[in-house]
Amino acid sequence: MSSWKKASKTGQKTHRERHQPELRKHLGLLEKKKDYIARANNYHEKQDKLKLLRKRVLNKNPDEFFFHMINSRIENGIHREKDKLDVHTPEQLLLMETQDLKYVAYKRNMEAKKIEKLQGQLHFLDVSNNTKNKHTFFVDKEEKLKHFDFAKKFDTHPALLSRKINRPRISNLETMKLPEIDEDTLLKIEQQKHMAYKELDKRIERERQLSIVQQKLEMQRALKDKKVMQPKQVRPGTKEAPPIYKWKFERKR
């Protein structure tokens with residue numbers, strides 16, 4: 001009774017669709033109504049698109065022209081752009097390549113100047129302290145050598161003997177007034193020094209890459225010289241080095 005009341009309220013009756021019988025199982029799945037609706041909608045959408053395209057073709061102006069009609073062609077059913085002829089003369093191409101070479105050389109020169117400036121600011125203090133140098137002293141007798149005092153000879157504190165730079169004398173230590181620096185300031189100074197060395201490392205690598213590009217451009221320019229015989233390749237170019245060619249020696253008049 002309750003099911004009848006529910007159907008009467010909605011005004012629709014719930015129809016249950018059967019599955020594919022066993023005898024027709026070899027024909028595949030039985031299409032349900034929802035599958036038919038999806039297939040029908042897809043079919044009608046395609047028909048509407050074809051109808052619209054036919055209408056556009058009928059309304060098209062036969063005198064209409066656009067450049068893609070002559071700048072493209074069909075290859076294997078695919079529209080492809082036609083290869084355009086080079087509008088530059090050999091002299092113009094050579095001039096453009098020369099400008100590229102000059103630009104690369106200019107950027108490399110800028111990087112070299114920045115590297116030199118950074119090196120002048122940093123001085124590589126930590127590296128100089130780690131390198132071992134020899135300082136020779138001449139002593140008259142071996143007994144004096146045993147009791148030789150290096151701190152007294154250098155006039156500095158014994159704790160500063162291992163340092164090669166910033167090694168003040170005893171007199172300077174007595175009159176020197178050191179500023180009060182907390183741990184945060186020391187940490188900040190150390191971070192700034194680390195970032196400066198990191199920037200220097202990046203600029204050195206950039207200058208090296210620009211040098212490789214410049215050498216490759218110079219080699220390409222030399223190969224395009226028609227006045228000399230074509231050289232023999234000794235080693236092909238890589239990411240780290242330009243190619244190497246060997247030219248035949250020609251005696252100039």
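Electrostatic pairing of Glu205 and Arg208 counts as a salt bridge here, judged by a charged N lying under 4.0 Å from a carboxylate O. Between Glu199 and Lys202 there is no salt bridge, since none of the side-chain N atoms of the basic residue sits less than 4.0 Å from a carboxylate O of the acidic one.
Nearest heavy atom pair, residue Lys216 against residue Thr238, reads NZ-O, 2.9 Å. Of all heavy-atom pairs between Ala105 and Gln214, the closest is CB-NE2, 3.8 Å. Among all heavy-atom pairs drawn from Gln119 and Ile204, the shortest one is NE2-CD1, 4.5 Å. Shown here for Glu207 and Ala112, the closest heavy-atom pair between the two residues is CG-N, 4.3 Å. Trp247 and Leu223 make their closest contact through CZ2-CD2, 4.1 Å (heavy atoms, listed as atom of the first residue, atom of the second, distance).
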Kindly list each side-chain donor-acceptor pair under 3.5 angstrom involving residues 42-57, sequence neighbours excluded, with atom names and distances?
none

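Each side chain to side chain donor-acceptor pair (under 3.5 Å) pair with one or both residues in residues 20-41, not counting sequence neighbours, appears once here: Glu31-Arg39.
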Checklist entry - Could you go step by step and tell me if Asn71 and Glu81 meet the side chain to side chain contact (heavy atoms under 4.5 Å, CB included) rule? => result CA-CA 6 Å; Asn71 291 337; Glu81 297 288 337; 4.2 Å; yes
Checklist entry - When you look at Val213 and Leu217, which way does the side chain to side chain contact (heavy atoms under 4.5 Å, CB included) test go after all the steps? => result CA-CA 6 Å; Val213 173; Leu217 289 175; 4.2 Å; yes
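Put simply, the residue from Lys193, Gln192, His194 that forms a side-chain contact (heavy atoms from CB on, under 4.5 Å) with Glu190 is Lys193.
Listed by chain and number, the hydrophobic cluster partners of Tyr106 are Met110, where partners are ILVMFWY side chains within reach of under 4.5 Å, directly or through others.
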